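Remember, predicted model here, so these are calculated numbers, not experimental data. As a basis for the values below, the full set of heavy atoms in this structure was taken, side chains included, without hydrogen atoms, waters or symmetry mates.
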Protein chains: 4
Amino acid sequence: MARERKFSDEDLFLATKELLLNHGYEGFTFGLLAERLKVSRSALYKYFGNKEELIMEFMMYEMDQFMDKLRKIDDYDDFEDQFNYLLELMMSHRNIHQLIEIGRHVPVNNKKMEEKNKKLDGLHLNMYQSLVGFVGLGKKEGKLKPHIPDTLIVGYILQSFLVPNLAQIPHSEWVQSMKEIIRDGMFTDDN
Amino acid sequence: MARERKFSDEDLFLATKELLLNHGYEGFTFGLLAERLKVSRSALYKYFGNKEELIMEFMMYEMDQFMDKLRKIDDYDDFEDQFNYLLELMMSHRNIHQLIEIGRHVPVNNKKMEEKNKKLDGLHLNMYQSLVGFVGLGKKEGKLKPHIPDTLIVGYILQSFLVPNLAQIPHSEWVQSMKEIIRDGMFTDDN
Amino acid sequence: MARERKFSDEDLFLATKELLLNHGYEGFTFGLLAERLKVSRSALYKYFGNKEELIMEFMMYEMDQFMDKLRKIDDYDDFEDQFNYLLELMMSHRNIHQLIEIGRHVPVNNKKMEEKNKKLDGLHLNMYQSLVGFVGLGKKEGKLKPHIPDTLIVGYILQSFLVPNLAQIPHSEWVQSMKEIIRDGMFTDDN
Amino acid sequence: MARERKFSDEDLFLATKELLLNHGYEGFTFGLLAERLKVSRSALYKYFGNKEELIMEFMMYEMDQFMDKLRKIDDYDDFEDQFNYLLELMMSHRNIHQLIEIGRHVPVNNKKMEEKNKKLDGLHLNMYQSLVGFVGLGKKEGKLKPHIPDTLIVGYILQSFLVPNLAQIPHSEWVQSMKEIIRDGMFTDDN
DNA sequence: AATGAATGAGCGTTCATTCAT
DNA sequence: TATGAATGAACGCTCATTCAT
């Protein structure tokens, strides 16, 4: 009944992600996105009323996917297992923070946007609570140092994965070392 | 006799720094900068051929200053002292990474730019080498775990300073905890 | 058997009229019209090659209807009766002028359009002649001042109804006063 | 110290006036105006922050000029003289109403605009009061029919000047006839 | 050395119009 | 017949950049 679409939602969100990560919120333009998808700029407006809406929608799509996986952390009872699962997850969703940070730049003007913003905030809260729950468990089990602020622990775990692997160390070795630093620091024991 | 300049390089670089940190690369405009310096936009072109050039020039100025301080790390013979000095330094120049990150956004088109870009890369290298030197010392003294890649150690330390202090933990406590994580990790000893 | 049309010409022209009066020529869009008729924008193109054509077509439809009524003026032999009929008619079709005025904004590009434009001009001429006939009768009967140009008389009658009733004077009083001015002016007799 | 301007404010306001009258508020574009003045669109933004501002500024310029002249009506003590003066004035500023009407379409968003809007409203009020004063004098002198609403009298006079002189009747004759209709109507005395 | 004037490219957005189903 | 997909021109607006004084 109508022509076939030239790009799928997945195509679009994938392109959006890359552009957003490479250019930031201000640097992300419909022109760039359209070029990438090989459509006209105006075609994008069929699906998203405006730039903010597009980015918000993308944000939610991305967060939803991430949260689905993050929630699985509760499948593990043992803290140690949760820790391993979490690190793997963060590693494979390395850029989620940058995206969240970029998301903060999106201005919120009208009501529709406000709604979406709330939903997004809800997801953030969910994420935060998952992690705080995890830290709480770690402290209760006597695994995590009790005197270190929760937010710092969470922040460190999240931030770690943004360290660029400039020297191209093999993945498994890199992750292994990273885990070790996070757990026991970079100093030898006899300090 | 020529007229006197209405603004000094220091004025200019200081203003550039603040604007860059507050607005990001895309949000930084000659208009904003000119307003801040109380000159016309066009006046800026007398000193910097274009926006990228200005930012590059600023980057180098900033890096130079930072490197001067970083090189002082060699005044300390003891690794432990170097470590403390480094953390303090990074803490008080926290935004150097943001600036470097912003620097990555600058597009490189022509030859003049390429030249400056190379020089800037040189400074990065200097920085890296200072730090690698520091890591080498640590390893030689048996303080740092020998099997962890140097770049990860350096990267991890640098990245630490980007963890946002969302919960507004007091500065000294925050730094103290950071040091502890870096040295001994977030896990308790009996793991 | 072909599908049945989802909207009638009357629907369409009615919607067009309201939109045109409320939004003006530039503010009138196919999107608005389609939404009103609950069809897709593109469906409209089956019936009207383009926006101008649609508006022209509408104009003619509207004029036709108006002319049907205007021609009834000849049912009255007496000038006085014609005068009253005319005023009532104008009052209840007040917006015909606005529409004509809007019609003047329609650009005429191609040949098809030119044709329709001519036909529309013909209708205007008809209207004008009806009114000139009316004026002629008035002058012959010695009711209208003979030395005042016909076009001014006609123009005045048409234009009068566009005076906005800002102070919300009750309708009947307003019309009554209007008639009086048109007939005998706003000055008292002893001038 | 800087290049000479390619157009004066008068040029600009004149062009604005014509475009506004021919295309209406929506149809008036910076593109059109720039083309007319043989400058780039963006050049206009040096002088007017946005479209509304430009139009408002123009409105005030136009109104100011008009009000200067309208206020002179009080130089005449006699109603008859005021009447003549008024008609001449309106004739030479025929389109002031269309402009006012167009001015009503300008959306008012921010504070700067609100201010200007208020000033413009003030001018409208001035105009209205000048005319109501004039009508009052006419009624007091027994020249104007007392039972006809003031707003109708004012509106009728203003509207008169919008009657198009389609048949190209010579100016003086046209004005003469207009005066007569306004004063004594279009009907002969013996009605 | 510094300025205001002017330009052109590009952005976000809207809309008439065309195309393929 | 009717539709959703797609396009391209234009609009309002911003900004880096150039020009003439």
Given A:T16 and A:E62, is the side-chain contact (heavy atoms from CB on, under 4.5 Å) satisfied, shown in steps?
-> CA-CA 11 Å; A:T16 297; A:E62 197 71 11; over 6 Å; no
Pairing partner of E:dT17 (Watson-Crick or G-U wobble, both distances under 3.5 Å) | F:dA6
Base-pairing mate for E:dA1 - Watson-Crick or G-U, with both contacts under 3.5 Å = none
Calculate the interatomic distance between [X] atom [atom1] and [N] atom [atom2]; express it in whole Å.
X	N	atom1	atom2	answer
D:E52	F:dG12	CD	P	10 Å
D:H23	F:dC11	NE2	P	10 Å
D:L44	E:dA6	CG	P	10 Å
C:L19	E:dC15	CG	P	13 Å
A:R5	E:dT21	CZ	C1'	16 Å
D:D9	E:dA5	CG	P	11 Å
B:L33	F:dA16	CG	C1'	13 Å
B:Y45	E:dG4	OH	C1'	15 Å

Kindly say whether C:S8 contributes a backbone atom to a donor-acceptor pair with the side chain of C:D11 at under 3.5 angstrom?
-> yes
Kindly say whether D:Y25 contributes a backbone atom to a donor-acceptor pair with the side chain of D:K51 at under 3.5 angstrom?
-> yes
Name the closest nucleotide to the [X] side chain, picking from [options].
X	options	result
A:F30	E:dG12, E:dA5, F:dA6	E:dG12
B:T29	E:dT17, F:dA16, E:dT13	F:dA16
C:N50	E:dT7, F:dC13, E:dT17	E:dT17
A:A43	F:dA6, E:dA6, F:dT14	F:dA6

A:F28 near the nucleic acid: base, sugar-phosphate alone, or nothing, with a heavy-atom cut-off under 4.0 Å?
-> sugar-phosphate
Side-chain donor or acceptor of [X] under 3.5 Å from a matching atom on the base of [N]?
X	N	value
B:R41	E:dG4	no
A:R3	F:dA5	yes
C:S42	F:dG4	yes

5′-ward residue of the pair B:V39/C:E26 relative to DNA chain E = B:V39
Closest-nucleotide ordering on DNA chain E, the 5'-leading residue of D:E4 and A:E4 | D:E4
Are C:F28 and C:F58 close enough that their ring centres sit under 6.0 Å apart?
-> no
Under 4.0 angstrom between A:Y47 side-chain N/O and F:dA5 OP1 or OP2 = yes
Using a cut-off of strictly less than 4.0 Å, decide whether D:K38 has a side-chain nitrogen or oxygen near OP1 or OP2 of E:dA6.
-> no
Using heavy atoms to find the nearest nucleotide of DNA chain F for C:S40 and A:K6 separately, return the residue whose nucleotide is more 5′.
-> C:S40
Nearest-nucleotide wise, let me know which of C:K46 and B:K51 is further upstream toward the 5' end of DNA chain F.
-> C:K46
Please report the shortest heavy-atom distance between D:K38 and D:K6, naming the atom on each side.
-> O-NZ, 3.4 Å
Scanning both residues in full, the closest heavy-atom pair of A:L33 with A:A15 reads CD1-CB, 3.7 Å
